[in-house]
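Below is one structure, written out as structure tokens; the observations come after it.
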2 protein chains.
Amino acid sequence: MAKQVTIKEIAQMAGVSPGTVDRILHNRGNVSASSTEAVERVLAATGYKYNIHTSAISLKKTYRIIIAIPTAVKGEYWGIVQLGIERAIEEYSDINIQCEYAFYNQFDIYSCRSSFRSILDRNPNAVIIGATFASETAILCEKLDNAGIPYAFVDSVVEGTKPVVTYSSDQNACGRIVGRLLELFSPGYDAEFAVFGSRRTGNERATNSMSRISGLLEYFNERKSGRTIKESKISVLDPEESEKDILRFLNDNPKVKCIAILNSRGYIIADILASHSIEDINIVSFDLTTNNSRCLEEGSIAAVICQRPELQGFHAVKSLIHALLYNVRDKDIHHFMPADIIIRENLMFYQEIFIN
Amino acid sequence: MAKQVTIKEIAQMAGVSPGTVDRILHNRGNVSASSTEAVERVLAATGYKYNIHTSAISLKKTYRIIIAIPTAVKGEYWGIVQLGIERAIEEYSDINIQCEYAFYNQFDIYSCRSSFRSILDRNPNAVIIGATFASETAILCEKLDNAGIPYAFVDSVVEGTKPVVTYSSDQNACGRIVGRLLELFSPGYDAEFAVFGSRRTGNERATNSMSRISGLLEYFNERKSGRTIKESKISVLDPEESEKDILRFLNDNPKVKCIAILNSRGYIIADILASHSIEDINIVSFDLTTNNSRCLEEGSIAAVICQRPELQGFHAVKSLIHALLYNVRDKDIHHFMPADIIIRENLMFYQEIFIN
DNA sequence: GTTAATTTTGTGCACGTCCACGGAATAAAT
DNA sequence: ATTTATTCCGTGGACGTGCACAAAATTAAC
């Protein structure tokens with residue numbers, strides 16, 4: 001509410017010209033130690049803040065942001081992330097922002113590698129990274145660091161890097177939530193739980209799934225309820241195979257009343273069960289994709305944990321813009337998204353996206 | 001991404017001066033029919049959009065927004081709404097916005113009446129209304145309509161009014177969610193449910209509570225599960241009285257394993273039960289207030305339904321600013337907040353507020 | 001047909017920041 | 001001491017909109 005201090009006022013107080021203040025604010029160099037000190041003192045005293053509006057007008061530079069994420073499919077996880085990104089660009093349509101996507105196959109490290117390699121050649125001002133392969137990502141980040149190009153992580157964070165900002169979920173905590181939901185959705189006292197991962201070679205979002213499962217196990221260990229968890233894998237690539245897998249599993253484990261799928265493919269299991277009219281088994285999955293949304297409505301999925309992918313995309317862009325234009329970085333680098341629990345009864349509310 | 005058309009360009013195309021275009025855009029009058037028509041044709045053809053940044057700079061007017069809501073207590077529902085409002089004002093700190101609160105006692109219609117009566121005298125440019133008493137609110141809205149002052153609703157909507165925008169929850173749907181949660185949090189097949197309202201004369205947020213209860217009953221009717229719901233009231237004003245009420249109720253209804261409280265005062269029941277070491281009863285309540293938050297952590301409350309009050313406050317301010325400054329109104333007037341389900345395991349995520 | 005009143009239109013400045021340009025001051029080189 | 005290079009600094013225009021004021025055009029009044 002307090003009146004904004006202007007650059008001109010700062011200059012006057014420090015006994016220099018506005019141009020000098022500007023140079024210091026954008027550390028453009030070519031300014032003497034004495035002036036720097038004088039201005040910085042005034043800056044600290046007054047708590048100067050950029051006026052985003054006026055800087056936006058006079059800025060005519062075009063910023064190129066490259067978005068390096070797994071291929072975005074409409075209605076699936078990365079597609080929703082993209083939605084948030086586009087929304088942010090619209091919000092900042094007064095600024096010239098050029099978005100280029102560098103998609104890669106999240107199941108193919110070679111695709112990731114070749115995609116990441118070309119990024120610097122494309123001359124980005126900033127990069128948004130949806131990391132799958134830690135090693136490849138680390139290499140990219142080092143190159144970006146050397147070039148002084150700011151970057152942000154969405155969905156997951158790779159250790160040892162220096163992002164401007166990250167938007168992700170605490171997957172370990174999500175695993176604990178799954179644990180709780182498994183209990184809740186298992187009626188009766190003798191029910192057993194099951195967890196399905198995917199039978200797949202390579203490390204498809206391995207880190208996320210691993211963290212989820214360790215959180216889940218942690219939860220049950222602490223509870224000491226004596227209940228058992230059956231783990232199993234299903235093959236994703238071959239539908240017939242996975243159908244057989246599941247039916248065999250249920251036959252072997254008749255006490256299982258609730259199955260958690262630690263990725264976004266709960267709808268596959270749900271559809272298989274529905275096609276066999278198996279209705280007494282509750283399914284918990286991740287991500288509010290179109291398919292999972294449909295299954296929630298139909299009742300074949302009991303609950304979905306959602307980590308606001310659109311918000312992640314939106315904020316990543318927003319933070320990078322602030323870093324680029326106003327040279328402002330958030331104090332907190334790591335932001336964790338809420339883990340929304342979505343059931344049939346509150347599903348409708350999550351269709352309208354509130355990001356700004 | 002398409003290049004913005006400027007007023008100057010519009011003027012040139014229409015063969016008039018920029019001033020004339022400006023007059024038409026702000027319908028300031030004093031412009032001939034022929035010019036109006038010419039400009040409006042160009043306007044429609046080009047799809048002109050205000051550049052918020054440049055208009056923000058040249059605008060030096062101070063806007064006074066009056067916020068007429070129940071007394072905001074830190075950590076309680078309206079306190080969190082206020083948080084969102086303040087956040088919005090900070091976000092728009094480049095614009096001169098003056099916020100004045102007109103608090104009233106939500107349990108006292110006379111307090112509301114006198115508060116609402118003074119609002120027009122305070123010369124607002126816009127008003128945010130947190131409605132409790134429908135009749136009083138309708139009177140206020142009519143006066144605002146006549147004066148041409150835009151207003152927004154938060155938390156609830158009063159019929160027959162013409163707000164610029166509303167941010168609220170579908171309370172009926174929230175009632176259905178409660179129904180589902182009651183089932184989930186009642187282990188065993190013979191458990192009964194209970195719903196507590198507050199024993200209070202007058203209509204404290206009556207509409208909201210009523211809608212919730214009807215949604216809840218609807219849900220159980222549709223389910224035809226044959227389960228019974230016990231309804232009861234507890235007195236809020238007298239702690240000793242409410243303690244007796246509850247213990248008597250539980251004694252009379254030993255099969256009740258889950259109690260829903262249809263307002264934000266679940267923590268009161270939770271604390272009473274905890275003080276008697278009653279641990280096998282799950283409590284479901286509304287609103288993530290400080291107290292409910294604490295009870296979730298302690299485990300004395302099982303779940304809370306939260307309707308993002310901070311988001312409501314934030315967006316109400318944002319929409320009004322857009323209406324005032326840029327003469328832009330959202331197409332959709334009524335916005336419904338997501339109903340987040342919060343349990344101990346995902347509580348931590350809802351402490352950081354993501355509104356923008 | 002001249003003057004006055006009124007409506008309509010154009011012009012120009014301000015807002016705060018960015019940044020290019022050129023001038024001033026200082027240091028280095030001869 | 002003069003020239004040249006280098007560092008440092010101030011000035012002023014541009015961005016697009018809002019708005020006040022003056023100019024022009026139209027209408028009304030006599």
- Query: Starting at the 5' end of DNA chain D, which residue's closest nucleotide do you reach first, Gly19(B) or Gly19(A)?
  - Reply: Gly19(A)
- Query: Parallel under 30°, tilted from 30 to 60°, perpendicular over 60°: which one fits the rings of Phe153(A) and Tyr151(A)?
  - Reply: perpendicular
- Query: dT7(C), dT7(D), dC18(C): which one has an atom nearest the side-chain heavy atoms of Asn30(B)?
  - Reply: dT7(C)
- Task: Mind calculating the distance between CD (Gln12(B)) and P (dG16(D)) to the nearest angstrom?
- Result: 13 Å
- Task: Rounded to the nearest angstrom, tell me the gap between atom OH in Tyr50(B) and atom C1' in dT17(D).
- Result: 10 Å
- Task: Establish, from distance only, whether the side-chain atoms of Ser319(A) and Tyr167(A) form a donor-acceptor pair under 3.5 Å.
- Result: yes
- Message: With a sphere of 6.0 Å drawn around NZ of Lys143(A), does it hold more than 12 non-hydrogen atoms of other residues, nucleotides or ligands?
- Response: yes
- Task: Establish, from distance only, whether the side-chain atoms of Thr6(B) and Tyr48(B) form a donor-acceptor pair under 3.5 Å.
- Result: no
- Message: Using whole Å, what does the distance between atom P of nucleotide dC9(D) and atom CD1 of Ile24(A) come to?
- Response: 8 Å
- Relative to the 5' end of DNA chain C, which residue comes earlier, Ile57(B) or Pro18(B), by the nucleotide with the nearest heavy atom? Pro18(B)
- Task: Report yes if at least one side-chain N or O of His26(A) is closer than 4.0 Å to OP1 or OP2 of dC18(C); otherwise report no.
- Result: yes
- Using a cut-off of less than 4.0 Å, is there contact between a side-chain N or O of Thr20(B) and OP1 or OP2 of dG10(C)? yes
- Take atom CG of Asn27(A) and atom P of dC8(D), then tell me their distance rounded to the nearest Å. 14 Å
- Which of these nucleotides, dC18(C), dG16(C), dT9(C), is closest to any side-chain atom of Ile7(A)? dC18(C)
- Query: Rounded to the nearest Å, what distance is computed from the NZ atom of residue Lys8(B) to the P atom of nucleotide dT17(D)?
  - Reply: 10 Å
- Message: Rounded to whole Å, how long is the line connecting atom CG of Asn51(B) with atom P of dA14(D)?
- Response: 18 Å
- Task: Map Tyr48(B) and Arg23(B) onto DNA chain D by nearest heavy atom, then report which one ends up closer to the 5' terminus.
- Result: Tyr48(B)
- Query: For Leu43(A) and dT17(C), what is the distance between atoms CG and P respectively, to the nearest whole Å?
  - Reply: 11 Å
- Query: Are there more than 12 heavy atoms of other residues, nucleotides or ligands under 6.0 Å from atom CD of Glu100(A)?
  - Reply: yes
- CG of Leu25(B) versus P of dC19(D): gap in Å, rounded? 12 Å
- Note on the structure: Residue pair Thr36(B)/Thr54(B) against DNA chain C: nearer the 5' end by closest nucleotide is Thr36(B)
- When you measure from the side chain of Thr166(B) to the backbone N and O of Val157(B), does any donor-acceptor pair fall under 3.5 Å? no
- Item | Short side-chain N/O contact to dT9(C) OP1/OP2 from Ser32(B), under 4.0 Å | yes
For nucleotides 22-25 of chain C, list the nitrogen or oxygen atoms of the protein found under 3.5 Å from its nitrogen or oxygen atoms, one pair per line.
none

- Item | Among dC18(C), dC19(D), dG16(C), the nucleotide that comes nearest once only the side chain of Arg28(B) is considered | dC19(D)
- Look at Ser17(A) and dG10(D) and indicate whether a side-chain polar atom (N or O) is within less than 4.0 Å of OP1 or OP2. yes
- Note on the structure: Tightest non-hydrogen contact, residues Asp170(B) and Phe336(B), listed as N-CD2, 3.5 Å
- Message: Under a plain distance cut-off of 3.5 Å, with no hydrogens placed, do Ser32(B) and Ser34(B) share a side-chain donor-acceptor pair?
- Response: yes
- Query: Quick one: is dG16(C) close enough that its OP1 or OP2 comes under 4.0 Å of any side-chain N or O from Ser55(A)?
  - Reply: no
